[in-house]
Amino acid sequence: MFVFAILLFIAAVVLFFVGRANDSRGLKFGALGALLAGLFSLIVSMTYVISAYEVGVPVAFGKVGQPMTSGMHVKSPFTDVTTFSTRPVDLNLSDKDVVEVRSSQGGVMYAEVTVKWSVDQAKAVELYKLAGSEDAIQQRLVYPDSREIVRNVFARHTSEEGYASDREGINAEIASLIKERLAPRGIDVTTVNLRNVKPSDALQGQIDRKIQQEQATERATEASRTAKAEADRRRIEAEGIARANKILNDSLTDKVLMNQCIDAYKEAAAKNPVYTVPCGGGSSAPVIVDGSKR
């Protein structure tokens, strides 16, 4: 636009002198029109509008100026302005960009991660010096740093923690490290989401075998626990019977046995008369029971 304005000024001068030489009012009016158009083009080339949710970085003759916020700004015609969007941008590490990671045990897994980031207006100049454009920020800074941190974090955890037991902890650790790495560069990371972790085929086979071994161990443990409980029950039952027998043996004296024998034969004699009862033992005299007497 600035070059166009210069050309219009040149055309206005040429038309003015030619019109004056030929005393042509038409050429003089043409020179006036070219002059006005040149002035308008010059004004346009010296103004720049920064849209909402953008920040501009002016560069003139290789020198980087202060960031330009949203609104209209006056600049030198020789100043180029590079704009960066301050809206959040999603970096999706999935599909062909999925991160292949290894656990501390050597197991291979595939992690899908989403990093939401945006440009810090106050540090737009530093970002321009590091990357040069908005696309370059993601490709040169956010993308490689995020992949590196994801790999490093998974390398400090076991395979089981990575795909199952400690997913939330790993997600929080990745988010903290990415924010810490990119914040000094002018990149504000708002959220990091570890969406999915898929074990490799080899690791999945190891997981299945481990689950089968754990299930077999649980079944064997349960069988052993049941057998032990049954053995304890039988031992307690045997001990109870033994104690009962001992108490019974201690209480069955000769006199008690004699009385029980007599009572038994009294009950029998009620139906069948008995004359002698062999309740005595050794030198004891036989017991005579008359069944006819009730």
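- Side-chain atoms of Ser224 never come within 3.5 Å of backbone atoms of Ala220 as a donor-acceptor pair (strictly under, hydrogens ignored).
- For the pair Leu141 and Leu127, the minimum side-chain heavy-atom distance is below 4.5 Å.
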Open item on the list: Let's go through Ser104 and Thr158 carefully: what are the C-alpha distance in whole Å and the side-chain angles of both, what is the deciding distance for side-chain contact (heavy atoms from CB on, under 4.5 Å) to 0.1 Å, and is it a yes or a no?
Closed with: CA-CA 5 Å; Ser104 59; Thr158 64; 3.9 Å; yes
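- Counting heavy atoms from C-beta outward, Asp97 and Tyr143 have side chains that approach closer than 4.5 Å.
- The number of heavy atoms from other shown groups lying within 6.0 Å of CD (Gln105) is above 12.
- In this structure, Ser200 contributes its side chain and Met109 its backbone to no donor-acceptor pair below 3.5 Å.
- Tracing side-chain contacts under 4.5 Å through hydrophobic residues (I, L, V, M, F, W, Y), one reaches Val108 starting from Val98; they form part of the same cluster.
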Task: side-chain contact (heavy atoms from CB on, under 4.5 Å) between Val99 and Phe154, intermediate numbers included - done: CA-CA 11 Å; Val99 185; Phe154 271 92; over 6 Å; no
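- Minimum heavy-atom separation, Ser70 to Ala52: CB-CA, 4.0 Å.
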Open item on the list: Run Arg219 and Glu222 through salt bridge (charged side-chain N to carboxylate O under 4.0 Å, His left out) and show every step you take.
Closed with: CA-CA 5 Å; Arg219 287 194 295 268; Glu222 183 62 25; over 6 Å; no
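- Taking a 6.0 Å sphere around CD of Glu239, one finds it holds more than 12 heavy atoms contributed by other residues, nucleotides or ligands.
- Residue Arg233 places its CZ atom among more than 12 non-hydrogen atoms of other residues, nucleotides or ligands, all under 6.0 Å distant.
- Note: Tyr110 OH to Asn196 CG = 13.0 Å, rounded to the nearest 0.5 Å.
- Around CG of Asp95, the count of heavy atoms belonging to other residues, nucleotides or ligands within 6.0 Å does not exceed 12.
- With values rounded to the nearest 0.5 angstrom, Arg225 atom CZ is found 9.5 Å from Glu218 atom CD.
- A distance-only check finds no donor-acceptor pair linking the side chain of Asn193 to the backbone of Thr114 [under 3.5 Å].
- Using modelled atom types, one side-chain atom of Thr190 and one backbone atom of Lys116 make a donor-acceptor pair closer than 3.5 Å.
- Shortest non-hydrogen contact noted between Arg140 and Ala131 is NH1-O, 3.0 Å.
- Arg167 CZ: more than 12 foreign heavy atoms inside a 6.0 Å radius.
- Remark: the backbone N or O of Arg87 is not paired with any side-chain donor or acceptor of Ser118 at under 3.5 angstrom.
- One finds the OG1 atom of Thr226 at 11.5 Å from the NZ atom of Lys228 (value rounded to the nearest 0.5 Å).
- Counting only residues at least two apart or in different chains, side chain to side chain donor-acceptor pair (under 3.5 Å) contacts with residues 119-129 are absent.
- Rounding to the nearest 0.5 angstrom, the gap separating the OG atom in Ser146 from the CG atom in Leu177 is 11.0 Å.
- A donor-acceptor pair under 3.5 Å is absent between the side-chain atoms of Arg195 and the main chain of Glu112, judged by distance alone.
- Minimum interatomic distance between Ser159 and Gly107 (heavy atoms only, all atoms of both residues): OG-CA, 3.8 Å.
- The heavy-atom pair separating Val113 from Val150 by the smallest distance is CG2-CG2, 4.1 Å.
- Counting only heavy atoms from C-beta outward, the side chains of Val55 and Ile50 never approach each other to under 4.5 Å.
- Separating the CD1 atom in Ile187 from the CG atom in Leu130 is a distance of 8.0 Å, to the nearest 0.5 Å.
- Glu230 CD: more than 12 foreign heavy atoms inside a 6.0 Å radius.
- Side-chain atoms of Arg147 never come within 3.5 Å of backbone atoms of Leu93 as a donor-acceptor pair (strictly under, hydrogens ignored).
- Two residues are said to be in side-chain contact when any heavy atoms from C-beta on lie closer than 4.5 Å; Ile178 and Trp117 fail this criterion.
- Between the CG atom in Asn152 and the CD atom in Glu173 there is a gap of 10.0 Å [rounded to 0.5 Å].
- Between Pro58 and Thr79 the shortest heavy-atom distance is CB-CG2, 3.7 Å.
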